[in-house]
Amino acid sequence: ITSGQCLDNWSTTNVYTTPNLSVEQGEPHSGNHSVRITNQPNFFGEGAFGYVILGNPELDFCSDESLVMSQGQVVTTVTGFYKYTAGNPSEMATTYLYYSTVNDMGDCDSTYEQYNYWPAVADWTPFTIVVPNSIVGEWIANQQAPDYLSIGFVSTMVSNESEPNGDLGSVLWVDDINVEYTTVGLND
């Protein structure tokens, strides 16, 4: 990642951290690059969260900017490595999965959301996110696999119930992301 531009549909736009970049190239776990996500002061001097997401939060997540899943193949495990410096002792980083499906009317419906929180660690540390068997079981029973997956990494705590606070000084590094698929079935 250079000059705030991300590859392969990863988005970093956060108008509240402009002109400071919230995502830039970081020191790698392996290879030559990793992503470095930081909370930045906004134009009021308050903290604004940094993030990187596969997909476009300005639109819906049912687009080729998200990870397209087809023929019943659904991502059920995401692994990688992270390092995290927290802006305050109670702060944690967030990784989230956002599954969506195109319904019969052609609209985008949220299918499932999962938030995972990671404590501060000084050294590269492996992480694993697994979709619960109960959710995968529902997809199998209903023969309704999600169509798209957006994966997000945020340098502060965030959920679908509250706005992130963006404590200044929080820095999240992410590298070596890998996804694993499971077949969950298709409608006839």
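No donor-acceptor pair closer than 3.5 Å links the side chain of Thr182 to the backbone N or O of Glu180. One N or O on the side chain of Thr94 and one on the backbone of Thr156 form a donor-acceptor pair closer than 3.5 Å.
Annotation: side chain of Thr95 is not in contact with side chain of Val78 (no heavy-atom distance under 4.5 Å). Residues Ile37 and Phe153 have side chains in contact (heavy-atom distance under 4.5 Å, counting atoms from C-beta outward). Pro28 has its side chain out of reach of Trp173: every pair of non-hydrogen atoms, C-beta onward, lies at least 4.5 Å apart. Val154 has its side chain out of reach of Leu172: every pair of non-hydrogen atoms, C-beta onward, lies at least 4.5 Å apart. For the pair Asn116 and Phe127, the minimum side-chain heavy-atom distance is 4.5 Å or more. Two residues are said to be in side-chain contact when any heavy atoms from C-beta on lie closer than 4.5 Å; Val179 and Ile151 meet this criterion. Taking 4.5 Å as the limit, some side-chain heavy atom of Ile53 sits within range of a side-chain heavy atom of Tyr96.
When all heavy atoms of Trp124 and Phe81 are compared, the closest pair comes out as CZ3-O, 3.5 Å. In terms of heavy atoms, Ser170 sits closest to Gly87 at OG-N, 2.8 Å. For the pair Val74 and Ala145, the tightest heavy-atom approach, listed with the atom from each and the gap, is CG2-CB, 3.5 Å. Taking each heavy atom of Asp147 and Val102 in turn, the nearest pair found is OD2-N, 2.9 Å. Ser34 and Val174 make their closest contact through CB-O, 3.4 Å (heavy atoms, listed as atom of the first residue, atom of the second, distance). Between Met69 and Val75 the shortest heavy-atom distance is SD-N, 3.3 Å.
Aromatic pair Tyr82/Trp118: ring centres closer than 6.0 Å.
Criterion: ILVMFWY side-chain heavy atoms under 4.5 Å apart, direct or through other members. Under it, Val130 and Trp139 are not part of a common hydrophobic cluster. In the hydrophobic cluster analysis, where Ile, Leu, Val, Met, Phe, Trp and Tyr join through side-chain heavy atoms closer than 4.5 angstrom, Val52 is grouped apart from Val171. Residues Leu149 and Ile140 fall within the same hydrophobic cluster, defined by Ile, Leu, Val, Met, Phe, Trp and Tyr side chains chained together at heavy-atom separations under 4.5 Å. Both Val131 and Tyr181 sit in one connected hydrophobic cluster of ILVMFWY residues. Membership requires side-chain heavy atoms under 4.5 Å apart, directly or through other members.
Applying the side chain to side chain contact (heavy atoms under 4.5 Å, CB included) rule to Ser100 yields the partners Phe61, Cys62, Tyr98, Cys108, Tyr148; only residues at least two apart in sequence or on another chain are considered. In this structure, Asn133 has no side chain to side chain contact (heavy atoms under 4.5 Å, CB included) partners at least two apart in sequence or on a different chain.
Annotation for Asn178: atom CG counts as buried by contact number, over 12 foreign heavy atoms lying within 6.0 Å.
Under the 3.5 Å distance criterion, with hydrogens and angles disregarded, a donor-acceptor pair is assigned to the side chains of Ser155 and Asn39. Side chains of Thr101 and Thr111: a donor-acceptor N/O pair is present below 3.5 angstrom, by distance only.
Once rounded to the nearest 0.5 Å, the distance linking CE of Met92 with OH of Tyr84 reads 8.5 Å.
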